[in-house]
A.B. asks: 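Got a structure here, written out as structure tokens. Questions coming.
Proteins get letters first, then strands, A, B, ... in listed order; numbering begins at 1 in each.
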2 protein chains.
Amino acid sequence: MTREDGSKSAGQATKHGALARRFRQRIRSGALKPDQALPSEPKIARDLGVSRNTIRQAMRDLEHEGLIYRVQGKGTFVRARGSVRRTVALVLHDIAYTTHPFTSAMIRGLGEALENGGYSLDILPCGRDEDRANLSGLAKSYDGFLLGSASMDKQTVARLIAEELPFVFVKNYLPDLKINAVLLDYVQAGRLAAEHLIGLGNRQIGLIYAGEATAISRDFRLGVETACTAHGLTLAPENIHDAGLSVNAIQEIIPSVHDVTGLIIMDDELAVTAIQALAAAGKTVPRDMSVVGCNDMLIASMSSPKLTTVRLPVTELGRQAASRLMALIEQPSLPSDNTMLEPELVVRESTARPRKASAQRGNRQG
Amino acid sequence: MTREDGSKSAGQATKHGALARRFRQRIRSGALKPDQALPSEPKIARDLGVSRNTIRQAMRDLEHEGLIYRVQGKGTFVRARGSVRRTVALVLHDIAYTTHPFTSAMIRGLGEALENGGYSLDILPCGRDEDRANLSGLAKSYDGFLLGSASMDKQTVARLIAEELPFVFVKNYLPDLKINAVLLDYVQAGRLAAEHLIGLGNRQIGLIYAGEATAISRDFRLGVETACTAHGLTLAPENIHDAGLSVNAIQEIIPSVHDVTGLIIMDDELAVTAIQALAAAGKTVPRDMSVVGCNDMLIASMSSPKLTTVRLPVTELGRQAASRLMALIEQPSLPSDNTMLEPELVVRESTARPRKASAQRGNRQG
DNA sequence: GCGGATCGCTCCCTACGGGCT
DNA sequence: CAGCCCGTAGGGAGCGATCCG
């Protein structure tokens with residue numbers, strides 16, 4: 001431990017450390033400019049009274065850090081910052097999340113913005129402790145990090161901060177850390193979905209969401225409950241179900257949904273699956289039950305009936321997060337900032353006035 | 001150029017290179033086991049008659065490669081291979097491809113198999129020359145590579161071979177390289193799609209595919225043409241369209257599709273989009289036109305009408321490719337092998353007998 | 001608990017070679 | 001060509017860490 005730290009932060013203990021530190025500062029500050037030659041090894045040796053061997057060790061370290069390059073017969077030069085394509089990493093809980101349409105849409109936005117900025121994007125998992133431990137090791141390989149995992153822990157973030165590595169939270173966030181984040185307003189998304197159903201006359205509302213594990217899922221539930229309370233309704237605990245992101249879970253949950261005329265499902269794919277499961281159980285959407293999805297993925301407009309959903313600007317989320325990270329990389333002193341993107345209700349065919357309610361209230365014909 | 005190659009592949013030119021090579025082999029072969037101590041620097045110096053300085057340089061290189069670790073006062077030791085979680089990289093043309101449902105399904109299979117094997121998966125882009133150049137630099141970071149990009153070039157592959165890095169082609173391949181690959185039989189996929197339409201009585205068939213740029217797209221067209229020829233039909237050039245993977249391209253292509261009763265589209269999303277575009281132009285599928293997709297993604301069974309398509313075992317492709325790569329990593333001497341996975345026709349609602357044809361032939365009522 | 005042996009780490013010196021200008 | 005550059009290779013001295021008797 002002590003040793004490793006010593007040899008890394010060095011800078012004073014050893015002569016080569018001090019030398020490396022000296023040149024590192026001069027390069028970072030801009031005193032030495034890209035492709036400018038450093039003094040030759042023999043010259044430094046004479047000037048500073050150190051052996052050439054020591055100088056070579058310092059130079060070797062700087063070369064490994066990517067700060068300089070050496071050409072036999074010519075000299076040692078400062079590496080141009082842009083000579084290596086800059087790369088940022090998107091860190092997900094599990095690489096399998098790329099599979100989800102939401103993540104796909106986000107990556108589309110990220111890739112687009114980063115491409116325009118001349119950056120490359122790699123995707124890394126961080127669900128396992130080893131992966132996260134490895135992350136700071138990979139730090140040298142990346143110019144910045146997009147943190148898209150709900151399983152990101154404070155220690156890892158603290159390490160990123162300690163090493164002064166730029167990062168931006170995308171979609172997920174750590175509740176008690178006020179740091180760079182580009183987020184979606186899931187409270188508002190839940191509220192919009194619930195208010196739409198309530199506005200149609202639904203008094204019994206059910207919720208299928210991703211559970212209490214992630215902040216955004218909690219936010220969504222909070223939004224639904226807030227809307228219900230505001231209209232004098234209660235979201236009964238037995239009408240709240242945790243499906244995670246699993247299509248299979250939906251199949252198990254649907255049969256246990258009773259006494260509900262409106263169902264809010266936090267994911268379009270799950271919502272479409274739910275509609276099919278309801279159909280299999282003899283219930284037609286929206287005649288017997290209204291269903292509202294969330295995200296407005298492609299499938300929402302392709303399914304039958306077309307899904308009423310809450311559109312979240314996912315691709316825009318990616319774009320803004322990427323822009324924010326690039327700004328941070330190019331100007332590390334930027335103040336921390338949180339951005340919240342707002343959702344929008346998209347009414348299609350999967351929601352309608354509940355039959356009993358409309359009969360009781362309007363007593364309309366048909 | 002010459003220099004870089006020299007210093008990298010070294011091994012014979014310089015003494016420290018030869019030394020490093022010597023120990024690299026002994027470690028890789030298992031002659032030196034994890035956490036086993038290497039001979040001490042002075043001992044190697046005496047035994048081999050080289051200076052300690054030279055030995056230290058070789059050890060430095062090995063340490064940077066992660067093969068050994070050194071502890072002052074104790075000695076130099078072989079690093080346990082399993083101490084760092086093994087990681088493989090999926091190399092795609094562009095990170096945006098993760099966005100495509102096909103890639104998602106493949107990643108699902110890859111992730112599943114790798115997870116079971118105790119591996120992590122990173123996703124890297126390689127579309128730009130800089131990215132590919134960087135790839136061999138990243139070689140040290142990864143235990144193997146899954147090559148999923150059609151833009152993979154021979155030089156890059158040659159470099160991987162030269163550095164003895166395990167790799168497996170997934171889905172895409174380089175026509176003249178007989179190397180490890182797990183592939184889908186796109187010739188057969190095209191043939192199945194065409195034969196289904198022909199079997200229904202369609203005589204005028206159109207094809208929308210991803211162009212001539214990639215081997216699999218060419219294979220698909222070949223399959224369609226083969227089936228047509230076998231049944232005495234010709235696939236007219238004006239009925240072959242290149243849409244890439246672009247939903248927008250479909251919108252432009254559909255209006256120019258004439259005199260065709262059956263349309264084969266190499267991607268389900270594009271096929272569903274095409275059906276909507278046809279509807280907008282007043283043509284109903286399958287009454288006025290039969291449409292066959294390819295891949296059997298989720299959307300194929302969710303759309304209306306449900307899409308007849310050719311199911312390709314994409315997730316299985318991922319699983320097998322991952323297994324193959326893990327086997328190669330653990331036993332580099334495995335002989336090269338190609339695996340081809342076969343498609344299957346899934347008939348749903350988007351295909352039917354053409355009206356004219358059925359009228360002409362059966363002259364049925366209605 | 002302490003001293004000696006051993007280890008890797010730092011630092012110095014010299015010399016030769018091959019590439020660049 | 002000479003003169004400079006970095007790369008390689010050799011020599012040696014002393015230090016701090018580790019281990020063992």
A.B. asks: Determine yes or no for a side-chain-to-main-chain donor-acceptor pair under 3.5 angstrom, with B/T76 supplying the side chain and B/L38 the backbone.
C.D. replies: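 No; zero donor-acceptor contacts below 3.5 Å.
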
A.B. asks: May I have the distance from A/L19 (atom CG) to C/dC11 (atom P), rounded to whole angstrom?
C.D. replies: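 Taking atom P of C/dC11 as the reference, CG of A/L19 is at 9 Å.
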
A.B. asks: Rounded to whole Å, how long is the line connecting atom CZ of B/R60 with atom C1' of D/dG7?
C.D. replies: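 Rounded to whole Å, this separation is 12 Å.
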
A.B. asks: From CG of B/L62 over to P of C/dG8, roughly how many Å is that when rounded to an integer?
C.D. replies: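 Taking atom P of C/dG8 as the reference, CG of B/L62 is at 13 Å.
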
A.B. asks: Ignoring hydrogens and angles, answer whether the base of D/dG7 and the side-chain atoms of A/R52 contain a donor-acceptor pair closer than 3.5 Å.
C.D. replies: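 Such a pair exists between side chain and base.
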
A.B. asks: If you check every side-chain atom of A/H16, which of D/dC6, C/dT10, C/dC12 has the closest atom?
C.D. replies: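 The closest nucleotide is C/dT10.
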
A.B. asks: Taking B/G148's backbone N and O only, do any of them form a donor-acceptor pair with B/N172's side chain (distance below 3.5 Å, no angle check)?
C.D. replies: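 At least one qualifying donor-acceptor pair exists.
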
A.B. asks: Among D/dG10, C/dG8, D/dG7, find the nucleotide with the atom closest to the side chain of B/V50.
C.D. replies: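 Side chain of B/V50 sits closest to D/dG10.
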
A.B. asks: Do A/N180 and A/Y173 meet the criterion of a side-chain donor-acceptor pair at a distance under 3.5 Å?
C.D. replies: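 Side-chain D/A pair, A/N180 to A/Y173: absent.
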
A.B. asks: Could you state the atom-to-atom distance from CD1 of B/I44 to P of C/dG8 in whole Å?
C.D. replies: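 It is 8 Å, rounded to the nearest whole Å.
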
A.B. asks: Separation of B/K74 atom NZ from D/dG16 atom C1', in whole Å?
C.D. replies: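 Computing the B/K74:NZ to D/dG16:C1' distance gives 16 Å.
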
A.B. asks: Heavy-atom nearest nucleotide on DNA chain C for A/G73 versus A/G49: which residue maps closer to 5'?
C.D. replies: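 First, find each residue's nearest nucleotide; the 5'-ward one identifies A/G49.
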
A.B. asks: Nearest to the side chain of B/K15 - D/dG10, D/dC6, C/dC12?
C.D. replies: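 It is D/dG10.
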
A.B. asks: Using a 4.5 Å cut-off on heavy atoms from C-beta on, say whether the side chain of B/P125 contacts that of A/D122.
C.D. replies: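 Contact flag for A/D122/B/P125 side chains = yes.
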
A.B. asks: For A/R56 and C/dT10, what is the distance between atoms CZ and C1' respectively, to the nearest whole Å?
C.D. replies: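 After rounding, the gap between these two atoms is 16 Å.
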
A.B. asks: Starting at CZ of B/R56, measure out to CG of B/N53 and round the result to the nearest 0.5 Å.
C.D. replies: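 Answer rounded to 0.5 Å: 8.0 Å.
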
A.B. asks: Nearest of C/dG8, D/dC6, C/dC12 to any side-chain atom of A/R70?
C.D. replies: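 Nearest to the side-chain atoms of A/R70, counting from C-beta on, is D/dC6.
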
A.B. asks: A/Q72 has a side chain; which of D/dT8, D/dC6, C/dC9 sits nearest to it?
C.D. replies: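 Between D/dT8, D/dC6, C/dC9, the one nearest the side chain of A/Q72 would be D/dC6.
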
A.B. asks: Quick one: is B/S40 getting a side-chain N or O under 4.0 Å of the C/dT6 phosphate, OP1 or OP2?
C.D. replies: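 Checking B/S40 against C/dT6: no side-chain N or O falls below 4.0 Å of OP1 or OP2.
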
A.B. asks: Please tell me if B/T76 has a side-chain N or O lying less than 4.0 Å from either OP1 or OP2 of C/dG8.
C.D. replies: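 Checking C/dG8 against B/T76, a side-chain N or O does come within under 4.0 Å of OP1 or OP2.
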
A.B. asks: Quick check on C/dT10: is either OP1 or OP2 less than 4.0 Å from any side-chain nitrogen or oxygen of A/Q57?
C.D. replies: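 Yes, such a contact exists.
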
A.B. asks: Would you mind reading off the distance between A/N53 atom CG and D/dG10 atom C1', rounded to a whole angstrom?
C.D. replies: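 These atoms are roughly 11 Å apart.
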
A.B. asks: Could you tell me whether the phosphate oxygens of D/dG7, OP1 or OP2, come under 4.0 Å of any side-chain nitrogen or oxygen in B/T14?
C.D. replies: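 It does not, given that no N or O in the side chain of B/T14 lies less than 4.0 Å from OP1 or OP2 of D/dG7.
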
A.B. asks: Report the nucleotide, chosen from D/dC19, D/dG10, D/dC5, that has the shortest atom-to-atom distance to any side-chain atom of B/S51.
C.D. replies: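 In terms of side-chain proximity for B/S51, the closest of D/dC19, D/dG10, D/dC5 is D/dG10.
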
A.B. asks: Output the rounded distance in Å from CD (B/E41) to C1' (C/dA5).
C.D. replies: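 Rounded to whole Å, this separation is 16 Å.
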
